[in-house]
Amino acid sequence: MRVATISDKKKLSDLQREVEKDKKLSAILTLQALRSGIIDEITVEITINNLLKLLMPNTGESVSSENSWIYDLLSELARICARFGNEKTATKILEFLKRSKNTSPTSILLIELTKVDLLLFTGQKPDVQTGQVSNIFDLEKRQEALNILQKILRVKLTFNPLLIYEACLMVWNASLPLLNENHSKELLKPFIIASKLLEEIESNDCSLRIRFHFELTKIFLSLKSERTGVTDFSSLKNAKTNIIKCRELLHFDENSFDKNKIYVLLEKIKMIEGSSKHSYALTIQTLELKLKSFTTSENSINSKELVYIGNEIKAMINKLISGDRTSEMEDQSISDFQTLLRAFELLSTTVETMVKSSNLNESIELANCIVEMTEFNVDGRTFFNTLCRESQELSIIRVNTMLLRASTKIKLIDQQGHSFAHVLVEPLSEIEDTRNEIAVDFETSAKLAVAINQKWLVFNVGVAFWNAYLPVFRTEDQSKQIHGRILVLLKNLFLNLKQT
């Protein structure tokens, strides 16, 4: 049972005389008057106490099932007490309701809303210097209130549109002092829930709905990726969705919000989408999502899509490297390098996924691109070149790619009906070049792993080399005929492993 408001004092007096002998109607009428604020402030406390005596049973007495409406009215009264700062009476009512067993779902939700009211409306203290009483905006209390409201909204308040709207309005009011960059992330979830529920109940309060979507736009735009330093793809998409929603709602009520603010944010989003730096980040985000969908999906991997992803990343890397060759600003070089590193990591993951899906030829082609493109010499960008050449991350990607390329070529030889071990002993002319390329990959990756002083990587090269040539080592006759450079490489690997 919810009570409405009443705004006419004369009408209130007339109604009070009519319902004077009816306890229920008299209590509802008094609650309506309190909610409406038409009772003189000086008599509010007296009115609350009289209503409490009327509704609250005596100690030891219980409320009969036919009078269960009392619980709903007491829940309303507790909220009114909290709104008027009467914490003692509100708490007393809540304690009684908690002990009761026949409270309705509406009463239970009103109890939770009363807890929020107590957090927001109590705690008024006089200022030390002026002596004036002002509400203390306790941020911790507001955050606690928002947590309670978030839990309440998740159960959709028994699908009561009036309660849903009231709770969403409370979310907004509670969040006002928190609308800044320091607390924006804390408001994300409650604002998303509130905006969705207001849409579900088709609330005609366009002003409130626009404000939620507008603030959500700002929050999403403020979410920067730690790796790229720009708004990531999903956040930018969410920001755009929310600002477009603002524009749509503005058509229903043009006076509900400043349209200029909405168009300023729209232009900001367009500008971000158009910036070259952000376009790289968006490309990576999009391709990452596609690649993740392949690696997590139970369905078979689409080889054409993998090739497309690999080619897109390769094109982006080429564009990034050959972009502004005259730019030697350190900040720009660092930013380009970070984007480049992320792109290479994604390209390396694409190659691994291709190998797992048996796209061996395509994976070797992409691996070749990684090895070739990690040898940097961009004209006019000395600092950028230095960053890339001295980067351990890129060197590790390069080593892992060469090892992956070598093992893939071995698989390809076996797939063609030849034995890699047999080819080593009795070389076939048609795959002699491939055998030599495999040896070069192991040799180069070992030298690079030693050069960057990554002992674990040296060990990984040794393991990969051993597994590749193990079939040959197992046969004494064959092991005597192993190519000389392989024996030299094996000896060097053992020496490096011994040092680690």
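Scanning all heavy atoms of the two residues, the minimum distance from I201 to P161 falls at CD1-O, 3.7 Å. Here the closest non-hydrogen pair linking A174 and R142 is O-NH1, 3.2 Å. The two residues T353 and T349 come nearest to each other via the heavy atoms OG1-O, 2.8 Å. Across all non-hydrogen atoms, the minimal contact from L94 to A78 is CD2-CB, 4.4 Å. Scanning both residues, A167 and L149, for their nearest heavy atoms gives O-CD2, 4.0 Å. Shown here for N86 and T89, the closest heavy-atom pair between the two residues is OD1-OG1, 2.9 Å.
Atom CD1 of I108 sits about 10.0 Å away from atom CG of L97, to the nearest 0.5 Å. How far CD1 of I148 is from CG of L119: 5.0 Å, rounded to the nearest 0.5 Å. For the atom pair CD (E393) and CD1 (I452), the distance works out to 9.5 Å, reported to the nearest 0.5 Å. In this structure, L113 CG and L120 CG are separated by 10.5 Å, a value rounded to the nearest 0.5 Å. Here the CD1 atom belonging to I152 is positioned 9.0 Å from the CG atom belonging to L163, to the nearest 0.5 angstrom. L55 contributes atom CG, which lies 6.0 Å from atom CD1 of I70 (distance to the nearest 0.5 angstrom).
Using the six-membered ring where Trp is involved, F212 and W172 have ring planes that are perpendicular, over 60° apart on the 30 and 60° scheme.
Of the candidates I244, I243, L250, R247 forms a side chain to side chain contact (heavy atoms under 4.5 Å, CB included) with just one, namely I244. With I48 as the partner, the side chain to side chain contact (heavy atoms under 4.5 Å, CB included) test is satisfied by one option alone out of I46, V44, N50: V44.
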- Message: Applying side-chain contact (heavy atoms from CB on, under 4.5 Å) to K185 and L223, what does each step give before you reach the verdict?
- Response: CA-CA 8 Å; K185 289 183 180 180; L223 300 178; 3.7 Å; yes
- Task: Test side-chain contact (heavy atoms from CB on, under 4.5 Å) on L77 and I93 and set out the steps.
- Result: CA-CA 8 Å; L77 182 59; I93 296 171; 3.9 Å; yes
- Task: Assess whether side-chain contact (heavy atoms from CB on, under 4.5 Å) is satisfied between I396 and W456, documenting all intermediate values.
- Result: CA-CA 11 Å; I396 291 169; W456 63 272; 3.8 Å; yes
- From CA spacing to verdict: side-chain contact (heavy atoms from CB on, under 4.5 Å), S195, R209: CA-CA 6 Å; S195 61; R209 292 174 65 181; over 6 Å; no
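Using a 4.5 Å cut-off on side-chain heavy atoms (C-beta onward), I219 and N242 make no contact. Contact of the L457 side chain with the N400 side chain is registered, since non-hydrogen atoms from C-beta on lie closer than 4.5 Å. Looking only at side-chain heavy atoms (C-beta outward), I370 and V351 come within less than 4.5 Å of each other. F257 has its side chain out of reach of C246: every pair of non-hydrogen atoms, C-beta onward, lies at least 4.5 Å apart. You'll find the side chain of E254 stays beyond 4.5 Å of the side chain of K259, heavy atoms only. A heavy-atom distance below 4.5 Å is found between the side chains of I192 and F220. Counting only heavy atoms from C-beta outward, the side chains of V116 and E112 never approach each other to under 4.5 Å. Counting heavy atoms from C-beta outward, L146 and L178 have side chains that approach closer than 4.5 Å.
The closest donor-acceptor contact from the side chain of N147 to the backbone of Q143 lies under 3.5 Å.
By the 4.0 Å N-to-carboxylate-O rule, K196 lies too far from E199 to be salt-bridged with it. Remark: R79 engages E166 in a salt bridge, criterion side-chain N to carboxylate O under 4.0 Å.
Using a 3.5 Å distance cut-off with no hydrogens or angles, the side chains of R211 and S207 do pair a donor with an acceptor.
Within a 6.0 Å sphere centred on CD of E248, other residues, nucleotides and ligands contribute more than 12 heavy atoms.
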